[in-house]
Amino acid sequence: MSDPLDLEALIGPGALGYFAGGAGSEITLRDNLASWSRYALHPRVLVDVSERDLGTTLLGRYRPHPVVVAPMAYQKHAHEVGELGTAEAAARTESLYVLSSQTTTSPPDVARAMEAVAPGSDRWFQLYVFRDRAVSHDLVVQARESGYEALVITVDFPVAGWRERDRRTGFTVEHPVALNPSGPPLTTEQLFAMHDPSLTWDDIGEFADAAGMPVVLKGILRPDDAERAVDSGAAGIIVSNHGGRQLDTTLSGIDALVPIAQAVGGSVDLLVDGGVTRGWDVAKALALGADAVLIGRHLLWGLARGGAQGAEDVLRQVLAELDSTLALLGCPAAADLDASYVGPRAVG
Ligand SMILES: Cc1cc2nc3c(=O)[nH]c(=O)nc-3n(C[C@H](O)[C@H](O)[C@H](O)COP(=O)(O)O)c2cc1C
Ligand SMILES: O=C(O)C(=O)c1ccccc1
């Protein structure tokens with residue numbers, strides 16, 4: 001894990017509070033990290049694991065591994081290379097990249113950088129539906145035209161969570177490209193006010209129809225909402241509490257995944273995030289019904305420390321840990337992980 005003092009010196013207290021912080025008393029933020037250790041792995045012995053396959057399938061396409069870069073806003077406040085750093089790291093490690101609507105680098109520039117490193121690299125675009133629908137529609141057009149293959153609509157942000165660190169620091173942001181980039185710095189509160197709190201399932205249908213690409217809904221925690229997402233034509237669901245940044249004291253991502261996988265598993269792709277730092281976390285998510293896992297802050301700290309190379313090092317380590325976990329579990333194919341490999345762990 002990262003040393004916050006060291007990060008504070010690198011990026012300043014305002015950015016660190018914004019990136020590291022969560023909502024309210026940060027109970028969910030801490031639980032996201034702790035929840036993975038409440039599941040125990042059940043290794044099988046004497047299986048030939050001389051060859052391992054980390055592959056998974058997302059939106060009907062084979063992917064070499066299940067680790068996905070989470071959409072995160074304002075990456076230039078973590079390191080001057082910003083989104084280009086995490087996107088290059090994704091392209092170099094064959095990781096699916098999800099670009100935030102609140103990017104500080106334009107969608108076509110990110111796409112070009114990925115293609116320069118790895119032609120045919122994969123990326124999805126995360127959409128916030130703003131009060132000014134034209135801004136959101138413009139972003140969708142830019143994303144489609146620059147080769148993003150799916151639209152991830154984030155549905156857990158009608159208003160911002162109660163973020164006390166930002167209230168204390170008054171952190172301001174300089175480069176949101178979805179807005180006029182030459183305007184004055186904005187507080188996070190001003191940016192969050194762009195979101196439309198009246199958004200409903202009907203609006204999702206409208207964006208899905210206009211998108212011309214598969215839609216994945218991000219930020220679902222209830223099985224009944226997961227069923228509704230499937231009924232509304234979503235191709236995937238990201239089970240997420242937004243890194244503990246929205247409503248404090250929700251379930252962790254992995255705890256919420258279990259009932260959601262029971263309700264809709266198999267009919268739609270399931271992804272999960274929140275507190276993933278280790279390859280064995282990824283294996284647990286797959287065993288409990290996920291097809292892939294998103295990594296947020298753990299990667300951001302790599303970016304802050306070492307730019308593109310720092311982010312790449314983080315991804316490579318998680319992938320090496322996943323490979324070793326498959327061998328030690330006696331399950332050489334990630335796609336074969338199932339509930340027999342994981343169970344509850346008594347936490348003392
Ligand atoms: C600094 C920061 C900015 C984020 N910005 C976005 C965003 O723009 N859109 C979005 O859908 N999720 C956003 N998220 C949530 C992440 O996509 C993801 O759900 C979460 O960070 C996963 O938890 P982890 O950070 O513990 O890995 C953000 C998270 C962080 C930490
Ligand atoms: O900070 C966030 O978690 C986030 O998703 C966001 C939303 C709107 C503007 C900037 C960031």
Side-chain angles (χ1 to χ4, degrees), residues 1-2 7 11 14-23 26 28-36 67-78 82-83 86 97-104 124-131 135-136 139 151-163 165-166 171-179 186-196 216-221 238-247 250 252-254 256 271-278 281-282 285 293-304 314-315 318:
M1 281 307 300
S2 281
L7 281 167
I11 66 177
L16 179 62
Y18 169 70
F19 288 140
E26 301 189 336
T28 295
L29 175 73
R30 285 189 293 276
D31 193 48
N32 276 350
L33 282 165
S35 59
W36 296 98
V67 173
V68 178
V69 175
M72 285 178 290
Y74 312 137
Q75 294 182 23
K76 282 189 182 162
H77 288 274
E83 290 77 9
T86 48
Y97 188 75
V98 187
L99 181 67
S100 165
S101 273
Q102 294 286 359
T103 174
T104 42
W124 295 355
F125 187 77
Q126 178 267 325
L127 185 75
Y128 278 128
V129 179
F130 298 124
R131 289 174 199 266
V135 174
S136 294
L139 283 169
L151 195 62
V152 175
I153 306 182
T154 299
V155 293
D156 60 7
F157 211 111
V159 301
W162 186 265
R163 299 180 183 189
R165 300 204 211 193
D166 292 346
F171 176 57
T172 59
V173 175
E174 314 222 354
H175 314 273
V177 298
L179 291 171
L186 298 170
T187 63
T188 52
E189 210 158 343
Q190 285 170 308
L191 284 154
F192 298 154
M194 292 167 61
H195 293 232
D196 185 350
V216 174
L217 296 185
K218 175 170 182 287
I220 285 181
L221 290 170
I238 302 178
V239 179
S240 171
N241 58 35
H242 209 106
R245 299 163 69 78
Q246 288 298 90
L247 182 60
T250 65
S252 70
I254 189 64
L271 298 88
V272 65
D273 72 16
V276 174
T277 61
R278 294 292 205 169
D281 300 340
V282 180
V293 167
L294 288 78
I295 301 190
R297 293 181 187 84
H298 188 50
L299 194 68
L300 204 60
W301 307 146
L303 175 74
V314 167
L315 288 169
V318 173

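Numbering of ligands and ligand atoms starts at 1, following listing order. One is the number of the first residue; the rest follow in order along the sequence.
- When the salt bridge (Lys or Arg N to Asp or Glu O under 4.0 Å) test is applied to D273, no partner is found at least two apart in sequence or on another chain.
- Remark: minimum distance from atom 18 (C) of ligand 1 to any protein heavy atom is reached at D273 OD2, 3.2 Å.
- Protein heavy atom nearest atom 27 (O) of ligand 1, with residue, atom name and distance: G296 N, 2.9 Å.
- When atom types are taken as modelled, the side chain of R131 and the backbone of A193 share a donor-acceptor pair closer than 3.5 angstrom.
- Of all the atoms in ligand 1, the ones that sit under 4.0 Å from a non-hydrogen atom of Y18 are 1 (C), 3 (C).
- When atom types are taken as modelled, the side chain of E26 and the backbone of G22 share a donor-acceptor pair closer than 3.5 angstrom.
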Between the protein and ligand 2, are there any N or O atom pairs that come within less than 3.5 Å of each other, and if so, what are their names and distances?
| from | atom 1 | to | atom 2 | distance (Å) |
| --- | --- | --- | --- | --- |
| ligand 2 | 1 (O) | Y18 | OH | 2.6 |
| ligand 2 | 1 (O) | R163 | NH1 | 2.8 |
| ligand 2 | 1 (O) | R245 | NH2 | 2.9 |
| ligand 2 | 3 (O) | R163 | NH2 | 3.1 |
| ligand 2 | 3 (O) | H242 | NE2 | 2.8 |
| ligand 2 | 3 (O) | R245 | NE | 2.8 |
| ligand 2 | 5 (O) | Y128 | OH | 2.5 |
| ligand 2 | 5 (O) | H242 | NE2 | 2.8 |

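- Listed by number with element, the atoms of ligand 1 under 4.0 angstrom from any heavy atom of G274 are 22 (C), 23 (O), 26 (O).
- R297 places a side-chain N or O within donor-acceptor distance of the main-chain N or O of G243, the cut-off being under 3.5 Å.
- In this structure, K76 contributes its side chain and T104 its backbone to a donor-acceptor pair below 3.5 Å.
- N241 and N32 form a side-chain donor-acceptor contact under 3.5 Å, judged by distance and modelled atom types alone.
- Between S101 and ligand 1, not a single N/O pair is under 3.5 Å apart.
- The shortest N/O to N/O separation between Y128 and ligand 1 falls below 3.5 Å.
- Between P71 and ligand 1, a contact under 3.5 Å exists for at least one N or O pair.
- Remark: R245 fails to qualify as a cation-pi partner of F157 under the 6.0 Å distance and 45° angle criteria applied to the six-membered ring.
- If you look at Q126 next to ligand 1, the close heavy atoms, those under 4.0 Å, all belong to the side chain.
- No side-chain donor-acceptor contact under 3.5 Å links Q75 and T103.
- Taking only nitrogen or oxygen atoms, main chain and side chain alike, N32 does not reach within less than 3.5 Å of ligand 1.
- When hydrogens are left out, the protein atom nearest atom 26 (O) of ligand 1 is G275 N, 2.8 Å; that is the closest non-hydrogen contact.
- The one candidate from V318, T277, V272 that meets the side-chain contact (heavy atoms from CB on, under 4.5 Å) condition with V282 is V318.
- Heavy-atom neighbours of E189 CD from other residues, nucleotides or ligands within 6.0 Å: at or below the threshold of 12.
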(message) If you apply the rule side-chain contact (heavy atoms from CB on, under 4.5 Å), what do you find for L191 with Q102, and how did you get there?
(response) CA-CA 9 Å; L191 284 154; Q102 294 286 359; 4.2 Å; yes

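- A donor-acceptor contact shorter than 3.5 Å links the side chain of Q126 to the backbone of S101.
- Checked against the 6.0 Å centroid criterion, the rings of H77 and F19 do not qualify as a close aromatic pair.
- Residue-to-ligand polar distances keep Q102 apart from ligand 1: every N/O pair is separated by 3.5 Å or more.
- Looking at atom 1 (C) of ligand 1, its nearest protein heavy atom turns out to be F19 CD2, 3.2 Å.
- At least one N or O atom of A73, backbone or side chain, sits closer than 3.5 Å to an N or O atom of ligand 1.
- Residue A70 approaches ligand 1 through these ligand atoms, each under 4.0 Å from one of its heavy atoms: 17 (O).
- Considering A15, S100, G21, A20 only, the shortest heavy-atom separation from atom 8 (O) of ligand 1 involves S100.
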(request) For the pair F130 and L139, evaluate side-chain contact (heavy atoms from CB on, under 4.5 Å) and give the outcome as yes or no after the intermediate values. (result) CA-CA 11 Å; F130 298 124; L139 283 169; 4.1 Å; yes

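- Near S240, meaning under 4.0 Å from one of its heavy atoms, ligand 1 places the atoms 19 (O).
- The single protein non-hydrogen atom nearest to atom 11 (O) of ligand 1 is T154 OG1, 2.7 Å, given as residue, atom name and distance.
- Which of R245, H298, K218 comes nearest to atom 15 (C) of ligand 1 through a heavy atom is settled by distance: it is K218.
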